[in-house]
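Report on one structure; see the data block that follows.
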Protein chains: 2
Amino acid sequence: MTSLHARIVGEIEADILSGALAAGARLPVEQELMLRYDCSRMTVSKALGELARRGLIDRRKRAGTFVQRPRVHSVVLDIPDLAQEVAARGQAYAYRLVERRIRPPRDAAERALAGAGALLQIDGVHLADGLPLAAEQRLVSLASVPEAADETFDHVAPGGWLLHHVPWTEAETRIAAAGAEGAVAAQLRVAAGTACLVIERTTWRGDAGVTFVRQHFLGAHYDLVARFGPGAR
Amino acid sequence: MTSLHARIVGEIEADILSGALAAGARLPVEQELMLRYDCSRMTVSKALGELARRGLIDRRKRAGTFVQRPRVHSVVLDIPDLAQEVAARGQAYAYRLVERRIRPPRDAAERALAGAGALLQIDGVHLADGLPLAAEQRLVSLASVPEAADETFDHVAPGGWLLHHVPWTEAETRIAAAGAEGAVAAQLRVAAGTACLVIERTTWRGDAGVTFVRQHFLGAHYDLVARFGPGAR
DNA sequence: TCGATGATAATGTATAGACATTATTGCGAC
DNA sequence: GTCGCAATAATGTCTATACATTATCATCGA
């Protein structure tokens, strides 16, 4: 016996996550939701208030209620749009493609990501002021993001591109440290064994895998900062 | 002109964070808050509902409303209680003290942490199944946590101890990678330059600094995993 | 003594209505 | 046209009330 406002939250959330309500779309006004769920305005408002506090929607007086664009998740780690971060540091950002190809999944983990389709593999290097900052190896599920096949990713980083082409995602991030080896060391132009911050992230949209990325950051040039607290949102 | 329920949220939150309402303490019942704020029950309930959603309080029917114990913050990175984590992996956990001393702050950052008082410096090593997992250098502000001066930290790790002795905290975490050098390499029993995950965390209680800790994790033996998503709590 | 049972005190959900606030929109004056 | 202002449509807050739910507590009976 779940409560009515919880049901409203759930249904709207599902519509947003599935893409049925696209980012920027306008939700029905409260009056209409009152009719749809046959309930009072307080109940609708409670549900919308919760979604707003969670950051899924934006309520604006007189204008209405809108689906939020996917924020950079959770303030914390997720999906640093490197272009923006580097720019914020006052450095010149560039992305250099190393390799791009379409291939079938090679192991169980990749099959789970790919679903029924093939994978787009994109290797590249992020540069700050011309110097290597991070080496990136990425797999994109073409079943989930077929448009990616039409994009060359010559100079546009796939991370930022995906941010703008896939609406809501859920992500699991793994952070570790490792020495740079082989191709990665070469791309970063450092000696083998140099300490790197390794970030691996798998991203889903609902149950479908979207992308997996492994980034080697030069430890000396990059770090992550996250702030927590009961007050923090 | 902040709204009334926002004010209620703020005041109760402040009482919790300051320790005026200790963990486990019972809050006034809604009727009493209605009187205190001269408002309706819905307004009180909205405020308490928000605090409950944020995890600061726990509302139980018939029993009342209670201050939650500080959860491991924010699901994500924070404050891995290594003892628990290692145990969860089925390994034997141990902590070995390397050095413990009380000293004045040495630079501006340390002065900011220490406030008016001195610092307790605790260096130690976390072991899993007898092997070094992480080297830890910690500073505790005795102004904020005077009880720490009476604790030897011989075999009890200061992280877990602090978790149980300081109620609510806010933390900033920095994550980077670096090669182990000097004393750290020796404590971890690895060659200099071995890649480590470096976690630095400063913790406050309100405006007062509580502790700063720098941990070097052996990259090969440790990683952080965090999962995000709109649904995730 | 101990266990079942029912009363009760607390939160949980919902309603209907009132008034406040605010950004948009459209209209009128210039 | 465009600038400003007023009407208005949407959300924001709050009240007073009702009934539901549930864990606790006290009482009663075996």
Side-chain angles (χ1 to χ4, degrees), chain A residues 1-16 20-69 71 230-231 233, chain B residues 1-16 20-69 71 230-231 233:
Chain A
M1 239 284 285
T2 128
S3 67
L4 179 53
H5 69 256
R7 205 186 107 213
I8 300 178
V9 166
E11 293 191 7
I12 294 179
E13 184 182 10
D15 282 349
I16 292 175
L21 281 170
R26 181 172 172 171
L27 271 71
V29 299
E30 295 185 353
Q31 291 293 340
E32 198 178 320
L33 291 173
M34 287 170 63
L35 295 179
R36 178 185 305 179
Y37 290 101
D38 188 28
C39 68
S40 75
R41 202 181 135 225
M42 276 298 297
T43 303
V44 167
S45 182
K46 187 168 183 176
L48 294 182
E50 164 131 11
L51 288 167
R53 266 177 288 132
R54 284 212 228 145
L56 267 75
I57 63 174
D58 183 25
R59 307 174 78 188
R60 297 213 301 274
K61 281 176 194 158
R62 171 67 218 245
T65 302
F66 301 85
V67 178
Q68 285 261 29
R69 330 216 121 260
R71 300 158 311 153
R233 272 248 56 83
Chain B
M1 242 285 283
T2 122
S3 65
L4 179 54
H5 68 257
R7 203 186 109 214
I8 300 178
V9 166
E11 294 192 6
I12 294 179
E13 184 183 11
D15 282 349
I16 293 176
L21 281 170
R26 179 173 173 168
L27 272 70
V29 299
E30 295 185 352
Q31 291 293 341
E32 197 177 320
L33 292 173
M34 288 171 62
L35 295 179
R36 177 185 307 179
Y37 291 102
D38 188 28
C39 67
S40 75
R41 203 181 135 225
M42 277 298 299
T43 302
V44 167
S45 182
K46 186 168 184 176
L48 294 183
E50 163 128 14
L51 288 167
R53 261 200 352 94
R54 287 212 225 145
L56 267 76
I57 62 174
D58 182 26
R59 306 175 78 188
R60 296 213 304 274
K61 282 176 192 156
R62 172 67 220 245
T65 302
F66 301 86
V67 179
Q68 285 260 32
R69 331 216 123 259
R71 302 158 309 154
R233 271 249 56 83

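Sequence lines set the chain letters: A, B, ... in the order given, protein chains first and strands last, and positions in each chain run from 1.
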(request) Report yes if at least one side-chain N or O of A/R59 is closer than 4.0 Å to OP1 or OP2 of D/dA10; otherwise report no. (result)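 No, A/R59 has no side-chain N/O under 4.0 Å of OP1/OP2 on D/dA10.
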
(message) Given the ring of A/Y37, does A/R7 sit roughly above its face, with NZ or CZ under 6.0 Å from the centre of the six-membered ring and within 45° of the axis?
(response)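 Relative to the ring axis of A/Y37, which defines the angle, A/R7 lies outside at least one limit.
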
(message) For a 4.5 angstrom cut-off between non-hydrogen side-chain atoms, does B/T43 reach B/M34?
(response)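 They are not in side-chain contact.
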
(message) With a 4.5 Å cut-off on side-chain heavy atoms, are A/E13 and A/D15 touching?
(response) no

(message) Both A/L4 and B/L48 contact DNA chain C. Which one's nearest nucleotide lies toward the 5' end?
(response) B/L48

(request) State the OG1-CG distance between B/T65 and B/L51, to the nearest 0.5 angstrom. (result)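 If we round to the nearest 0.5 Å, B/T65:OG1 and B/L51:CG are 10.0 Å apart.
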
[X] [atom1] to [N] [atom2]: how many Å, rounded?
| X | N | atom1 | atom2 | result |
| --- | --- | --- | --- | --- |
| A/D58 | D/dT11 | CG | P | 12 Å |
| B/L51 | C/dT11 | CG | C1' | 15 Å |
| A/I8 | C/dT13 | CD1 | C1' | 12 Å |
| A/E50 | C/dT13 | CD | P | 10 Å |
| B/R26 | C/dT11 | CZ | C1' | 11 Å |

(request) Would you please test B/V29 and B/R26 for side chain to side chain contact (heavy atoms under 4.5 Å, CB included) and show each step? (result) CA-CA 9 Å; B/V29 299; B/R26 179 173 173 168; 3.5 Å; yes

For a quick test of reading the model, state the closest non-hydrogen atom pair linking [X] to [Y] and the distance between them.
| X | Y | result |
| --- | --- | --- |
| B/P28 | B/R36 | CG-NH2, 3.4 Å |
| B/R59 | B/A52 | CD-CB, 4.0 Å |
| B/A22 | B/V67 | O-CB, 3.4 Å |

Tabulated below should be each protein N or O lying under 3.5 Å from an N or O of nucleotides 24-26 of chain D; please produce it.
residue: D/dT24; atom: O2; partner: B/R62; partner atom: NH1; Å: 2.7

(request) Under 4.0 Å between any heavy atoms, over every strand shown, what does A/R7 touch: base, sugar-phosphate, or nothing? Just pick one. (result)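 A/R7: no heavy atom of the nucleic acid under 4.0 Å.
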
(message) Under 4.0 Å, heavy atom to any atom of DNA chain D: which of residues 27-45 of chain B qualify?
(response)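 Those residues whose heavy atoms fall under 4.0 Å from DNA chain D, taken from residues 27-45 of chain B in numerical order, are B/D38, B/C39, B/S40, B/R41, B/M42, B/T43.
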
(message) According to salt bridge (Lys or Arg N to Asp or Glu O under 4.0 Å), does anything in residues 37-48 of chain A pair up with another residue at least two apart or in another chain? List the pairs.
(response) A/E30-A/R41

